[in-house]
Amino acid sequence: MKNRIILHIDMDYFFAQIEERENPQFKGKPVVVGADPKEGKGRGVVSTANYIARKYGIHSAMPISKAYQLCPKAVFLPVNHELYQKVSENIMNIVKKYSPRFELVSLDEAYLDLSETVVKPLLWQSYYDSYKKGEVLAKKLKKEIFKKEKLTSTVGIGPNKLIAKMASVEAKPDGLLVIKPNQIQKFLNPLDVEKIPGVGPKTAEVLRKLGVNKIKELSKIKKSKLKEIFGKVGKDIADKARGIDKSEVCPKTEVKSVGKEHTFDKDTRDPEIIFPTFEKIIKEVWQELQRGDFSIQGVSVICRFQGFETKSKQKSFEKAKSNLEFLEKTAKKLLLELLLKNQNLVRLIGLRVKVEE
DNA sequence: AAGTTCTTATTAC
DNA sequence: CTAACGGTAATAAGAACTT
């Protein structure tokens with residue numbers, strides 16, 4: 001299908017909005033969902049903050065200690081994953097009804113390919129008429145979700161996943177933004193390069209040093225030049241700056257690795273803390289592996305030390321293994337090697353298993 | 001020299 | 001005082017190693 005219409009839906013400040021819904025007494029107050037702030041000594045990060053909290057400068061992924069500094073009187077709540085999972089299922093069951101071409105991105109995000117739904121049925125209509133139909137559909141979807149779940153969402157619509165996603169980001173909260181093919185450049189040009197999915201802080205910093213801040217400037221750089229600087233992703237970035245994205249809605253990717261990690265309350269070197277924690281991690285990863293018919297192709301152990309220096313050690317196997325004793329033996333050996341080579345205090349330990357099938 | 005494995009970095013939600 | 005930074009997963013690049 002050449003001319004597609006893709007919809008991206010993103011729930012507004014999802015975790016925090018659910019908490020507001022469940023606890024009306026929080027309405028009007030700053031709400032921060034994430035790690036325990038522990039009077040400002042917490043080690044985790046903010047998962048989601050409502051818009052009132054954001055006015056204090058609090059945002060996702062911010063250290064919870066900083067969030068506490070910015071607004072100690074905010075309502076701080078732990079992540080209630082079970083609840084959000086359930087609400088997510090309810091919502092996604094609604095979203096799915098609007099097109100069979102459905103792709104779940106995370107608990108609060110999904111794509112729909114509306115092409116079949118909205119382009120084909122009336123052959124006499126133009127591709128542009130279909131955008132109108134898409135917009136009507138989006139309004140209905142938002143309304144249905146709000147009626148049934150009392151939660152607001154934002155929808156973006158465009159000719160591909162990239163534009164749909166970027167449109168929804170610009171439109172939130174409680175928004176709807178439709179970008180037709182002839183509006184792509186106008187939409188992208190004034191946005192910061194970091195608005196492109198795949199351009200994070202590091203890439204943006206390199207671009208900034210080249211005097212490139214806006215997507216308009218980025219789109220003027222030759223693809224070959226970007227490829228030179230950023231390698232394979234440079235090519236993608238060049239396409240994205242021009243609004244080009246051929247990726248399909250749906251393909252559910254198979255699991256390639258399963259892992260667990262844990263950050264200690266304090267940096268430590270105490271074997272009475274480190275090893276029992278690691279045993280637990282191994283057991284949990286093994287549990288997770290049992291949920292599918294996985295075989296172990298490789299084991300990698302991660303240690304983050306004081307000062308955030310992160311080291312990993314891995315071992316892969318020609319013929320896949322599948323027994324707990326082997327996993328334990330290999331993982332412990334790798335951890336020992338890491339700890340011997342690095343004498344600093346340990347902040348985090350983790351285990352990741354490469355799997356097949 | 002080529003192919004595989006290991007290590008680190010970056011990104012996203 | 002000047003940083004503070006979770007957990008899970010994918011992917012890419014280059015180093016380090018086998019063969």
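Chain naming here is simple, since letters A, B, ... match the order of the sequence lines and numbering starts at 1 in each.
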Enquirer: Any side-chain N or O of A:K354 below 4.0 angstrom from OP1/OP2 of C:dA10?
Expert: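 No, because none of the side-chain N or O atoms of A:K354 sits under 4.0 Å from OP1 or OP2 of C:dA10.
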Enquirer: Could you tell me how far apart A:H81 (NE2) and C:dT8 (P) are, to the nearest whole angstrom?
Expert: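 These atoms are roughly 10 Å apart.
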Enquirer: Please work out if A:K202 contacts a base, only the sugar-phosphate, or nothing of the nucleic acid, heavy-atom cut-off 4.0 Å.
Expert: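 Sugar-phosphate contact only - A:K202 comes under 4.0 Å of backbone atoms but never of a base.
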Enquirer: Tell me the interatomic distance from A:D265, atom CG, to C:dG7, atom C1', rounded to whole angstroms.
Expert: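 Between C1' of C:dG7 and CG of A:D265: 15 Å.
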Enquirer: Need one value for A:E284: base, sugar-phosphate or nothing, where a base atom within 4.0 Å counts as base even if backbone is also close, heavy atoms only.
Expert: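 Nothing: the residue A:E284, judged by heavy atoms under 4.0 Å, touches no strand.
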Enquirer: Could you check how far CG of A:L77 sits from C1' of C:dG6, rounded to whole Å?
Expert: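 Whole-Å distance recorded here is 17 Å.
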Enquirer: Between A:Y68 and A:K73, do the side chains contain a donor N or O and an acceptor N or O under 3.5 Å apart?
Expert: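 A:Y68 and A:K73 do not have a side-chain donor-acceptor pair below 3.5 Å.
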Enquirer: What's the spacing between A:R304 CZ and A:N344 CG if we round to 0.5 Å?
Expert: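 Reported to 0.5 Å precision, the distance equals 13.5 Å.
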Enquirer: Ignoring the backbone of A:S312, work out which of B:dT8, B:dT11, B:dT5 is nearest its side chain.
Expert: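 The closest nucleotide is B:dT8.
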Enquirer: Any chance the rings of A:Y13 and A:Y51 have centres within less than 6.0 Å?
Expert: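 Aromatic pair counts; centres sit under 6.0 Å.
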Enquirer: Heavy atoms from C-beta onward define the side chain here; which of B:dT11, C:dA4, C:dT8 lies closest to that of A:T203?
Expert: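 The answer is B:dT11, which lies nearest to the side chain.
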Enquirer: Would you kindly compare A:A61 and A:V255 by the position of their nearest DNA chain C nucleotide and give the one closer to the 5′ end?
Expert: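 Checking each residue's closest nucleotide, the 5'-ward one belongs to A:A61.
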Enquirer: How far, in whole Å, is C:dC5 from B:dC13 if one measures between their C1' atoms?
Expert: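 These two C1' atoms come out 16 Å apart once rounded.
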Enquirer: Please check the phosphate of C:dA9 (OP1 and OP2 only) for any side-chain N or O of A:R352 closer than 4.0 Å.
Expert: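 Yes, A:R352 has a side-chain N/O under 4.0 Å of OP1/OP2 on C:dA9.
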Enquirer: Taking only side-chain N and O atoms of A:S257, does any of them lie within less than 4.0 angstrom of OP1 or OP2 on C:dA10?
Expert: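 The answer is yes; a side-chain N or O of A:S257 sits under 4.0 Å from OP1 or OP2.
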Enquirer: Starting the side chain at C-beta, find the nucleotide from C:dG6, B:dC13, B:dC6 nearest to A:K165.
Expert: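 Output: B:dC13.
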Enquirer: Which one, B:dT8, B:dC13, C:dA9, comes nearest to the side chain of A:K311?
Expert: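 Within the option list, the nearest is B:dT8.
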Enquirer: Counting only side-chain heavy atoms from C-beta out, which of C:dA3, C:dC5, B:dT7 sits nearest to A:Q69?
Expert: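 Side chain of A:Q69 sits closest to C:dA3.
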Enquirer: Quick one: is C:dT8 close enough that its OP1 or OP2 comes under 4.0 Å of any side-chain N or O from A:K260?
Expert: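 For C:dT8, OP1 or OP2 has a side-chain N or O of A:K260 closer than 4.0 Å.
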Enquirer: Where the side chain of A:T263 is concerned, which of C:dG7, B:dC6, C:dA4 is the nearest nucleotide?
Expert: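 Closest nucleotide among those given: C:dG7.
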Enquirer: Any chance the side chains of A:Q17 and A:D12 put a donor and an acceptor closer than 3.5 Å?
Expert: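 Short answer, no.
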Enquirer: Can you tell me which nucleotide in C:dA4, C:dA12, C:dG6 comes closest to the side chain of A:R304?
Expert: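 In terms of side-chain proximity for A:R304, the closest of C:dA4, C:dA12, C:dG6 is C:dG6.
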Enquirer: In this structure, how many angstroms lie between the P atom of C:dG7 and the CG atom of A:D36, rounded?
Expert: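 About 13 Å, once rounded to whole Å.
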Enquirer: Would you kindly give the NZ-to-P distance between A:K313 and B:dT5, to the nearest whole Å?
Expert: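 That distance rounds to 15 Å.
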Enquirer: What is the distance from CD of A:E261 to C1' of C:dA9, rounded to the nearest Å?
Expert: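 About 10 Å, once rounded to whole Å.
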Enquirer: Measure from the side-chain heavy atoms of A:P63 and tell me the nearest of C:dC5, C:dG7, B:dC13.
Expert: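 Closest of the options to the side chain of A:P63: C:dC5.
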Enquirer: Please state how far atom CZ in A:F308 lies from atom C1' in C:dA3, giving the value in whole angstrom units.
Expert: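 Nearest whole value for this atom pair: 12 Å.
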Enquirer: Between C:dA9, B:dC13, C:dC5, which one does the side chain of A:V258 approach most closely?
Expert: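 Among C:dA9, B:dC13, C:dC5, the one nearest the side chain of A:V258 is C:dA9.
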Enquirer: Assign A:E109 to base, sugar-phosphate, or nothing according to its heavy-atom contacts below 4.0 angstrom with the strands shown.
Expert: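 Sugar-phosphate, backbone atoms only, no base.
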Enquirer: Starting at the 5' end of DNA chain C and moving along, which residue's nearest nucleotide shows up first, A:H262 or A:S65?
Expert: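 The residue mapped nearer the 5' terminus is A:S65.
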Enquirer: Across the strands shown, which category fits A:I196 at heavy-atom distances under 4.0 angstrom: base, sugar-phosphate, nothing?
Expert: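 The residue A:I196 makes sugar-phosphate contact but no base contact.
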Enquirer: Examine the side chains of A:R352 and A:S300 and answer whether a donor and an acceptor come within less than 3.5 Å of each other.
Expert: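 No, A:S300 and A:R352 have no side-chain donor paired with an acceptor closer than 3.5 Å.
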Enquirer: Rounded to the nearest Å, what distance is computed from the CG atom of residue A:L104 to the C1' atom of nucleotide B:dA12?
Expert: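 Distance check: A:L104 CG to B:dA12 C1' gives 14 Å.
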Enquirer: Go through C:dA12, C:dC5, C:dG7 for me and flag the one nearest to the A:K232 side chain.
Expert: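 Selected nucleotide (nearest to the side chain): C:dA12.
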Enquirer: If every non-hydrogen atom of A:L151 is compared with every non-hydrogen atom of A:F14, which pair is closest and at what distance?
Expert: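 Closest heavy-atom pair between A:L151 and A:F14: CD1-CE1, 4.2 Å.
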Enquirer: For a quick check of understanding: with a heavy-atom distance under 4.0 Å over all strands, which category does A:E318 fall into, base, sugar-phosphate or nothing?
Expert: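 A:E318: backbone/sugar contact only, no base atoms under 4.0 Å.
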Enquirer: Search all heavy atoms of A:L107 against all heavy atoms of A:S88 and return the closest pair with its distance.
Expert: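 Reported closest heavy-atom pair: O-OG, 2.6 Å.
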